[in-house]
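Structure first, then comments.
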2 protein chains.
Amino acid sequence: MTRSRPVRADARRNIDALLAAAKAAFADSGVDAPVRDIAARAGVGVGTVYRHFPQRSDLVVAVFQHEVDACTAAAAELAAEHTPGEALARWLRRYTEFIATKRGLAAALHSGDPAFDALPGYFDHHLRPALKSLLDTAVAAGQARPDVDPDDLLPAVANLCFFDDITRPGHARRMVDLLIDGLCRTPRLPSSA
Amino acid sequence: MTRSRPVRADARRNIDALLAAAKAAFADSGVDAPVRDIAARAGVGVGTVYRHFPQRSDLVVAVFQHEVDACTAAAAELAAEHTPGEALARWLRRYTEFIATKRGLAAALHSGDPAFDALPGYFDHHLRPALKSLLDTAVAAGQARPDVDPDDLLPAVANLCFFDDITRPGHARRMVDLLIDGLCRTPRLPSSA
DNA sequence: TGCCAAAGCGGAACATAGTTCCGTATAGTT
DNA sequence: AACTATACGGAACTATGTTCCGCTTTGGCA
């Protein structure tokens with residue numbers, strides 16, 4: 001029901017190559033990277049790009065969702081391989097890397113282009129549960145402070161990275177590390193007031 | 001010293017026509033309005049546009065500053081013609097109109113294009129003193145509550161408008177009116193903790 | 001008033017970008 | 001092996017920013 005006819009093998013290859021090429025191009029040149037460049041990186045013609053992604057924005061959306069999925073999947077993998085606190089810390093750095101490749105996407109998201117309307121929802125719907133699970137587990141194990149809300153943490157880290165300044169390399173990374181350090185300790189004062 | 005040679009009369013006319021045409025085009029189609037459209041509205045050729053505004057972004061910047069200037073000047077005019085509270089309220093609505101024509105500019109401002117680096121500073125440097133003066137006068141006259149900071153008010157109103165939803169016409173206007181109503185009354189509770 | 005050099009003008013032409021089209025190649029089936 | 005739906009490549013078309021240059025206008029000056 002989901003797929004009326006199976007995708008041909010060469011098409012599957014090209015789609016994968018295009019997603020990888022687009023990811024690289026967006027990281028290098030921002031979301032405005034020309035379609036021709038992406039096609040060249042993937043070793044295909046522009047016609048092939050448009051066969052699979054009828055509009056440029058479809059490619060942007062696909063790469064974004066692909067990376068959200070990968071970042072979501074990383075949560076379960078890290079949880080299986082590390083202590084709860086370590087898994088949380090590693091995932092937040094992984095999430096930082098994800099955000100770091102989104103240069104220019106923030107502007108596109110707020111540009112009002114309806115092509116990108118679904119992205120914030122996709123983002124929240126997948127990443128929030130992933131983080132919540134890691135955080136809850138870490139808190140239960142006494143390896144993260146209990147007074148932090150995942151709904152605060154996710155955009156906070158994103159903001160740290162979105163406004164990352166080219167003139168201060170590593171700034172975002174340092175700030176996120178700081179946040180993680182704070183997160184994995186108990187509050188300095190009882191969080192009353 | 002400021003101008004080595006005076007601007008020729010026809011050039012002056014065209015510059016004014018271009019600023020007006022660009023303002024209208026930006027309001028209709030956003031900051032991405034094509035240069036050809038703007039030239040046509042102004043009744044000039046594209047060459048003329050580029051003579052006076054070497055890059056597209058220069059035209060955007062010029063229109064923006066032109067409108068900031070007009071909005072700043074309105075503060076003094078309103079202060080001379082109305083009671084302090086009324087002048088404040090009218091100016092805030094005037095400011096709302098200014099923001100409303102900025103569709104797409106917010107995204108451009110945050111896109112990292114260095115052409116727009118100076119705009120936020122220009123904005124603050126001119127509009128903040130204008131509002132502060134109106135607000136102080138209204139507070140002194142007992143026509144506005146004293147516990148509101150102009151540095152809060154200016155971005156607050158801007159945010160109300162920047163995220164104005166096309167699907168809910170008049171939303172921003174209503175929210176700003178609400179804000180003004182609150183501003184011109186005394187706090188409901190002593191503004192302690 | 002008439003002349004003229006500088007300043008300004010218009011729009012064709014160029015460069016780059018998204019998108020479409022179509023003749024050719026190929027995967028997968030019979 | 002033959003065949004057909006699917007997919008491929010890239011030239012061509014459209015839209016947009018920008019440049020160039022021959023023609024026109026302005027404003028000072030004789």
Side-chain angles (χ1 to χ4, degrees), chain A residues 2-22 25-26 28-63 103-105 107-108 111-116, chain B residues 2-22 24-26 28-63 104-105 107-108 111-116:
Chain A
T2 45
R3 48 191 61 180
S4 41
R5 23 185 152 77
V7 184
R8 230 170 72 173
D10 54 348
R12 179 75 264 156
R13 262 198 315 277
N14 281 329
I15 290 172
D16 291 342
L18 274 172
L19 286 175
F26 294 160
D28 284 356
S29 322
V31 284
D32 289 331
V35 172
R36 283 168 178 75
D37 286 3
I38 297 168
R41 279 184 196 245
V44 305
V46 284
T48 302
V49 179
Y50 279 90
R51 161 163 294 269
H52 299 299
F53 305 96
Q55 305 206 341
R56 226 196 84 83
S57 57
D58 294 330
L59 187 53
V60 175
V61 169
V63 169
R103 182 160 33 120
L105 186 63
S111 68
D113 186 333
F116 301 120
Chain B
T2 46
R3 48 192 62 184
S4 41
R5 22 187 153 77
V7 184
R8 231 169 70 174
D10 53 347
R12 178 76 262 156
R13 263 199 314 277
N14 282 330
I15 290 172
D16 291 343
L18 275 172
L19 287 174
F26 294 158
D28 284 356
S29 321
V31 284
D32 289 331
V35 172
R36 283 168 179 73
D37 286 3
I38 297 169
R41 280 185 196 245
V44 305
V46 284
T48 302
V49 179
Y50 279 90
R51 161 163 294 268
H52 299 300
F53 305 97
Q55 306 207 354
R56 227 195 83 84
S57 57
D58 294 331
L59 187 52
V60 175
V61 169
V63 169
L105 185 62
S111 68
D113 185 335
F116 301 121

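Sequence lines set the chain letters: A, B, ... in the order given, protein chains first and strands last, and positions in each chain run from 1. Everything numeric in this text was worked out from a predicted model, so none of it was measured.
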Item checked: Pairwise salt bridge (Lys or Arg N to Asp or Glu O under 4.0 Å) hits with a residue in residues 30-51 of chain B, at least two apart -> B:Asp28-B:Arg41
Next item on the list: Calculate the interatomic distance between B:Asp32 atom CG and D:dA15 atom C1'; express it in whole Å.
Entry: 13 Å
Check: Toward the 5' end of DNA chain D, which comes first, A:Ala11 or A:Arg36, by nearest nucleotide?
Finding: A:Ala11
Notebook entry, point to check: Taking only side-chain nitrogens and oxygens of B:Asn14, does any of them come within less than 4.0 Å of OP1 or OP2 of C:dG8?
Noted result: no
Margin query: Within residues 38-51 of chain A, which residues have any heavy atom lying less than 4.0 Å from an atom of DNA chain D?
Written below: A:Gly43, A:Val44, A:Gly45, A:Val46, A:Gly47, A:Thr48, A:Arg51
Margin query: Using whole Å, what does the distance between atom P of nucleotide D:dC8 and atom CZ of A:Arg12 come to?
Written below: 11 Å
Check: Sequence neighbours excluded, which residues qualify as side chain to side chain donor-acceptor pair (under 3.5 Å) partners of A:Asp16?
Finding: A:Arg12
Checklist line | Residues that B:Ala62 engages under side chain to side chain contact (heavy atoms under 4.5 Å, CB included), provided they are two or more places apart | finding: B:Leu19, B:Phe53
Next item on the list: Mind checking side chain to side chain contact (heavy atoms under 4.5 Å, CB included) for B:Ala42 and listing every partner two or more places apart, or none if nothing turns up?
Entry: B:Ala17, B:Leu18, B:Ala21, B:Val44
Notebook entry, point to check: Nearest 0.5 Å, what's the CZ-CD1 distance between A:Arg8 and A:Ile15?
Noted result: 11.5 Å
Filtered N/O pairs between nucleotides 28-30 of chain C and protein, under 3.5 Å:
residue: C:dG28; atom: OP1; partner: A:Ala9; partner atom: N; Å: 3.2

Next item on the list: For A:Leu18 and D:dG9, give me the distance from atom CG to atom C1', rounded to whole Å.
Entry: 13 Å
Note to self: Checking B:Ser57 now: which residues fulfil side chain to side chain contact (heavy atoms under 4.5 Å, CB included) with it, not counting sequence neighbours?
What the structure shows: B:Gln55, B:Ala115, B:Phe116
Checklist line | Positions of residues 52-59 of chain B (non-hydrogen atom under 4.0 Å from DNA chain C), listed by number | finding: B:His52
Item checked: Sequence-distant partners of A:Ala22, side chain to side chain contact (heavy atoms under 4.5 Å, CB included), two or more places apart -> A:Phe26, A:Ile38, A:Leu59, A:Val63
Check: Expressed in angstrom and rounded to an integer, what is the separation of A:Arg13 atom CZ from D:dA7 atom P?
Finding: 13 Å
